[in-house]
Amino acid sequence: MAKKTYRQAINEALRQEMARDADVVIIGEDVAGGQGGSAGVLDAYGGVMGVTKGLVGMFGPERVIDTPISESAIIGMAVGAANTGLRPVAELMFVDFLGVCFDQLFNQAAKVRYMFGGKAKTPMVMRSMIGAGLCAAAQHSQTLHPIFTHVPGLKVVMPSGAYDAKGLLIEAIRDDDPVIFLEHKALYEQIEEVPDEPYMIPFGEANIILDGGDVTVVALSNMVHVALAAARSVAKDGVRAEVIDPRTTSPLDEDTILESVAKTGRLVIVDESPPRCSLAADIAALAVTKAFRDLKAPVEMITAPHTPVPFAPSLERLYIPGADAVTQAVRRVLQS
Amino acid sequence: MAKKTYRQAINEALRQEMARDADVVIIGEDVAGGQGGSAGVLDAYGGVMGVTKGLVGMFGPERVIDTPISESAIIGMAVGAANTGLRPVAELMFVDFLGVCFDQLFNQAAKVRYMFGGKAKTPMVMRSMIGAGLCAAAQHSQTLHPIFTHVPGLKVVMPSGAYDAKGLLIEAIRDDDPVIFLEHKALYEQIEEVPDEPYMIPFGEANIILDGGDVTVVALSNMVHVALAAARSVAKDGVRAEVIDPRTTSPLDEDTILESVAKTGRLVIVDESPPRCSLAADIAALAVTKAFRDLKAPVEMITAPHTPVPFAPSLERLYIPGADAVTQAVRRVLQS
Amino acid sequence: MQLSRDDLKEAYRRMRTIRAFEERVKIAFESGQIPGFVHLYVGQEAAAVGVCLHLSDADAIGSTHRGHGHCIAKGCDIAGMMLEIFGRQGGLCGGKGGSMHIADLAKGMLGANAIVGGNPPLVIGAALTAKTKRTGAVAVSFLGDGASNQGTTFEAMNMAVVLKLPVVFVIENNGYGEGTGVSYAVGAHDIAARAAAFGMPAHKVDGTDLFAVHEAAGDAVRAAREGRGPSTLELHCPRFHGHFLGDPQAYRSAEELQTVRQHDPLSLFRIKVTESRLLDSHQLDAIDAEIEAMIDRAAAAAASAPFPSPSDLIKDVYVSY
Amino acid sequence: MQLSRDDLKEAYRRMRTIRAFEERVKIAFESGQIPGFVHLYVGQEAAAVGVCLHLSDADAIGSTHRGHGHCIAKGCDIAGMMLEIFGRQGGLCGGKGGSMHIADLAKGMLGANAIVGGNPPLVIGAALTAKTKRTGAVAVSFLGDGASNQGTTFEAMNMAVVLKLPVVFVIENNGYGEGTGVSYAVGAHDIAARAAAFGMPAHKVDGTDLFAVHEAAGDAVRAAREGRGPSTLELHCPRFHGHFLGDPQAYRSAEELQTVRQHDPLSLFRIKVTESRLLDSHQLDAIDAEIEAMIDRAAAAAASAPFPSPSDLIKDVYVSY
Ligand SMILES: Cc1ncc(C[n+]2csc(CCOP(=O)(O)OP(=O)(O)O)c2C)c(N)n1
Ligand SMILES: Cc1ncc(C[n+]2csc(CCOP(=O)(O)OP(=O)(O)O)c2C)c(N)n1
Ligand SMILES: [Mg+2]
Ligand SMILES: [Mg+2]
């Protein structure tokens with residue numbers, strides 16, 4: 001087993017699945033790069049973050065398909081291709097671009113199976129990049145996972161590290177439903193042990209990253225690392241936090257969260273999106289509807305504020321939920 | 001004071017505001033109707049539900065602007081016009097069409113003020129039609145208010161009756177921020193006393209429709225009527241439900257809800273959208289984060305299921321939260 | 001491409017089926033048997049049929065809110081369609097889709113679509129499958145003049161040209177998008193020329209003339225099948241009825257409505273084939289009678305079929321969850 | 001429209017300011033002083049300036065991720081821009097927008113826009129304001145060749161024609177959208193013709209030639225102002241640098257990069273005005289020096305300005321909430 005970055009893990013999952021199944025194709029802007037360029041080479045980008053680098057060389061431009069800047073056509077094409085026999089992996093470069101292609105996801109991909117009485121399936125993956133941290137400002141730093149999670153018919157995956165990224169992406173590609181696979185842009189350099197061979201991580205199974213009996217901390221994607229930092233910090237005071245990474249928000253592993261809350265009676269949720277109708281609210285609602293008698297203290301939601309993402313680093317740092325805020329929330333629920 | 005339908009109340013608000021302020025224009029598909037038709041008449045539709053009927057005759061086609069079927073251009077044009085001195089009321093015929101114009105709302109309208117450091121404003125209203133009940137199936141029956149509510153920078157209004165519709169729409173038109181005004185298609189024939197003169201209902205002020213000390217029931221838009229039916233039904237058993245209609249989801253009148261929960265200790269939320277990352281979850285989260293000590297029972301969320309909206313009337317009836325389900329939830333929280 | 005006598009009978013059979021189906025749907029809707037919104041295809045029969053005669057089940061089509069005609073032309077089961085529109089068990093989509101969402105993927109019918117401009121991106125996806133798997137199949141996007149102004153349509157056209165996909169865009173110009181005339185909504189007043197500017201052959205054809213449609217579609221489908229990329233057909237074929245059932249059509253003059261009826265694709269077809277003695281009236285009348293009976297049976301069966309059962313509500317959201 | 005000597009000086013001043021600004025931004029970015037993404041406008045100066053010379057503060061423009069040039073051409077404050085790009089207090093947007101979201105509505109600069117194809121719908125809105133209020137103002141949408149494939153752009157073009165809005169679409173064809181060539185991404189290989197098919201005049205112009213741009217833009221702006229509706233200009237103006245700062249440009253050949261430098265709009269301008277003796281080198285050199293000093297001051301001020309204060313985080317989401 002070798003150490004690999006999150007980027008490499010995703011690349012490897014794509015490579016192995018494309019080698020295994022000729023129906024897997026990649027569609028997106030500059031997923032190869034260089035089409036129509038004067039240098040006459042492809043793979044000039046391999047995705048704007050280099051995630052699909054090398055794949056066009058292995059599988060050719062008919063399977064690593066560069067497109068014009070037309071996201072509705074990109075995503076819709078993936079949906080229609082999935083309905084008719086391919087297993088496309090479409091890339092929405094930044095999740096913030098959702099607004100120019102949302103119909104093809106929420107009214108088409110998510111609904112065809114139900115509307116057609118179970119007679120269609122849409123085995124596609126939409127990979128996209130989420131999150132703040134690179135000062136990319138309001139239109140390139142959102143997470144938007146609550147919007148996807150709200151939509152029945154979509155599955156939503158948010159890997160927090162390289163190991164999960166590979167296993168969840170292979171699962172996503174082999175899954176017969178439309179899967180939104182959200183990669184956090186601050187995680188591409190994250191390194192973990194990642195097996196060379198293909199493996200799958202089932203959806204709806206949370207990862208208990210840290211065992212603990214005093215307080216339950218639920219976090220996804222990059223926030224898992226914030227939660228862990230907070231857990232380490234309170235550990236110095238002898239507080240044992242249980243850190244749970246649901247890994248997928250739809251389906252959500254309610255049982256693992258509820259079992260933990262049954263044990264700890266205390267729940268802190270860390271979520272990078274703004275708070276209203278958010279995943280943090282969703283999990284808080286889960287607790288108060290299904291684990292009310294277990295709760296010993298108010299649930300705490302540590303989220304971004306109800307604002308767009310600011311550009312200036314001094315503000316962006318404040319926007320992103322931080323370990324200090326989580327630490328304080330943990331202390332509050334313990335004192336309560 | 002005369003009795004007017006929800007449709008008439010909205011029409012009257014538009015008419016009075018257009019008469020008062022020459023900067024108010026209406027933009028949308030068939031908001032007049034008949035442009036380019038062989039009959040050579042306008043006002044052939046007055047909106048697909050007749051809500052804008054008569055306005056083109058009063059204000060002319062330069063202020064009641066029919067458009068091609070190009071929602072991104074419609075909404076974006078309203079945003080740009082609002083940034084430069086008009087107060088447009090754009091119509092998205094069904095809220096389900098959000099997917100083809102979402103960018104102009106969530107990345108442009110909602111964010112310009114913040115991104116530009118407070119140096120721009122976007123005094124526009126997007127009117128749209130929500131909800132199930134007419135067997136319009138999966139792509140014409142959604143509510144989607146949780147998506148709007150999630151987005152910082154938008155205000156979201158959901159009138160439950162004719163009186164509120166007029167007052168909230170006038171407020172929306174005079175408001176300097178982008179307002180999403182959601183009309184429930186099952187309510188257009190709803191009748192209430194509506195004053196002839198213009199009046200405004202401020203955002204973020206809930207309406208306590210029914211006073212009661214036993215249980216708090218929060219509902220919006222068409223669900224208010226479902227909640228009231230349930231309240232009447234439990235009243236027979238001597239249960240006094242407090243029915244709260246927040247009227248706007250963003251801003252949300254947290255205080256009124258929290259005060260009621262402080263009094264009743266019991267909370268039932270009725271919401272027509274699917275449950276995940278929904279407004280029901282949002283309000284449940286509000287209770288468990290800010291009123292935990294007041295709660296005496298688990299919060300109950302009565303929502304649509306995590307499915308698209310089915311076509312068949314037998315299924316659509318089951319999809320929409322009903323008074324029976326709310327009644328049972330009220331009983332459960334009282335027994336708990 | 002010549003049409004044999006059998007082809008002609010088949011063409012007429014499909015057109016007549018559409019007509020009879022729609023007329024029955026109208027009656028059923030007006031008597032309260034059909035819930036929701038219904039958009040009739042009457043007047044446009046030659047468009048769907050003229051195109052679909054070139055297609056097999058392996059080829060895909062994408063359709064619109066006005067989709068009954070496309071379904072029938074593509075071979076969807078009539079009884080299943082009627083059940084679906086009535087919202088009953090046994091409907092092509094189990095009663096969960098309704099008029100605006102009929103689909104039958106086994107027949108290559110990718111679905112009606114209630115989002116104007118919703119299908120072109122999906123249809124180029126079907127074309128991508130054909131191209132990638134080298135199946136020789138083609139994909140056809142049926143859309144309206146109104147839909148031709150939707151950004152998704154333009155994107156799909158450009159994408160199809162860039163990737164040289166085997167696709168045909170069939171724009172049925174019936175004069176209106178709801179109550180707005182095409183002469184207002186299409187700034188350039190020329191839909192075909194706009195499509196051509198995206199880099200593909202594009203032709204205007206009389207969409208009420210089965211023969212003209214068939215010939216033009218033959219060329220376009222052949223080009224797609226042979227790897228020569230996409231094309232567009234703009235078919236002129238006014239609708240007889242309102243936008244949806246219940247539309248009073250205040251935007252159309254009495255004269256226009258009269259003229260429209262003079263271009264009835266079925267009458268025009270009947271005159272052509274009988275005058276040229278390719279088919280005789282008896283043959284056509286026999287087809288009419290046969291279809292009438294079939295539609296009767298379908299409507300009666302639909303009216304008495306059970307509604308979906310409560311357990312269907314939460315079924316088939318996902319393959320697995 | 002003739003350019004007076006003063007006009008020429010002004011044109012040069014703006015182009016030179018853009019060039020100097022961008023070169024300074026590049027240095028600052030590479031030394032780590034500027035966070036986020038930065039897209040340089042170098043090579044395209046004549047486009048923004050040639051168009052904006054026709055505009056006053058009452059006219060509106062919409063811009064893109066590559067927006068510094070448009071801001072400067074439209075008269076935005078240089079110090080405020082630099083502060084903004086550095087993410088500092090006193091920036092045009094208080095440090096909350098950054099390079100991809102600079103705006104100054106008082107100058108008619110509606111904002112850079114980080115969504116490709118995001119501005120055309122907004123810009124037709126500004127044009128609608130002008131038309132409705134009869135202000136005589138025009139609105140200009142600057143966009144790239146890549147953005148010309150976005151559905152929002154097509155919709156805005158059609159809408160502008162339908163409503164006869166006073167708008168000019170200026171498509172800066174710099175050869176690439178990120179690492180994808182326009183010859184691949186635009187199926188028809190002809191952006192102007194595609195725009196023309198929407199029903200408006202559309203012309204291709206050498207975007208490195210200030211005089212050519214100025215003349216073509218003059219016609220288009222005049223038509224808009226006089227109520228004759230929209231037009232499109234496709235300006236050819238290759239970018240000197242990569243898509244964003246840090247782009248190794250593997251997709252461009254060494255030859256191409258060399259040729260591009262031979263079409264430097266500033267050098268071309270200098271040669272033309274000096275050879276024709278409209279201006280002399282000393283005058284131009286003096287402008288260069290003056291601008292260099294101004295940029296020095298702006299960059300130094302930006303580098304030492306305070307960052308926004310924590311309380312700014314939650315300010316200005318709404319006018320009232
Ligand atoms: C995105 C979207 N916008 C608007 C509508 C409402 N709508 C339904 S059909 C229609 C008119 C469509 O016109 P056209 O494409 O010409 O098709 P036709 O009805 O004439 O067959 C409109 C506006 C919709 N369903 N989807
Ligand atoms: C909707 C959307 N899609 C993709 C991107 C990513 N992106 C940013 S700039 C760019 C290329 C734009 O090309 P062009 O319009 O030619 O402008 P240029 O960069 O050449 O100035 C892309 C793909 C984006 N910002 N927004
Ligand atoms: Mg039409
Ligand atoms: Mg470009």
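Just so it is clear, the structure is predicted and the values come from calculations on it, not from any experiment. Numbers restart at 1 for each chain; the letters A, B, ... are given by sequence-line order, proteins then strands.
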Handout entry: Separation of D:Leu122 CG from D:Ile61 CD1 (nearest 0.5 Å)
Key = 13.0 Å
Find the N and O donor-acceptor pairs between chain C and chain D that sit under 3.5 Å apart.
residue  : atom : partner  : partner atom : Å
C:Asn149 : OD1  : D:Asn158 : ND2          : 3.2
C:Gly151 : N    : D:Glu155 : OE2          : 2.7
C:Glu155 : OE2  : D:Gly151 : N            : 2.7
C:Asn158 : OD1  : D:Gly187 : N            : 2.9
C:Asn158 : OD1  : D:Arg194 : NH1          : 3.3
C:Asn158 : ND2  : D:Asn149 : OD1          : 3.2
C:Asn158 : ND2  : D:Ala185 : O            : 3.0
C:Ala185 : O    : D:Asn158 : ND2          : 2.9
C:Gly187 : N    : D:Asn158 : OD1          : 2.9
C:Arg194 : NH1  : D:Asn158 : OD1          : 3.3

Completion exercise
To the nearest 0.5 Å, atom CZ of D:Phe142 lies from atom CD1 of D:Ile171 at 12.0 Å
Handout entry: For C:Ala46, side-chain contact (heavy atoms from CB on, under 4.5 Å) partners two or more places apart
Key = C:Met15, C:Leu210, C:Pro265
Completion exercise
Max heavy-atom pairs within cutoff under 4.5 Å with chain D, candidates C:Ala156, C:Ala160, C:Ala188, goes to C:Ala188
Handout entry: Side-chain heavy-atom pair D:Val138, D:Val168 within 4.5 angstrom cut-off
Key = no
Fill in the blank from the handout: Output for pair (D:Leu165 CG, D:Leu163 CG), nearest 0.5 Å, gives 5.0 Å
Fill in the blank from the handout: If you tally heavy-atom pairs under 4.5 Å between each of D:Gly199, D:Ala196, D:Gly151 and chain C, the highest tally belongs to D:Gly151
Practice task
With sequence neighbours excluded, give me every ring pair (Phe, Tyr, Trp, His ring centres under 6.0 Å) pair touching residues 111-139 of chain D.
Solution key: none
Exercise for the section: Using the test ring pair (Phe, Tyr, Trp, His ring centres under 6.0 Å), find all partners of C:Phe211 that sit at least two apart in sequence or belong to another chain. Expected result: C:Phe269
Exercise for the section: Measure D:Ala185 against the heavy atoms of chain C and call it side chain, backbone, both or neither at under 4.5 Å. Expected result: backbone
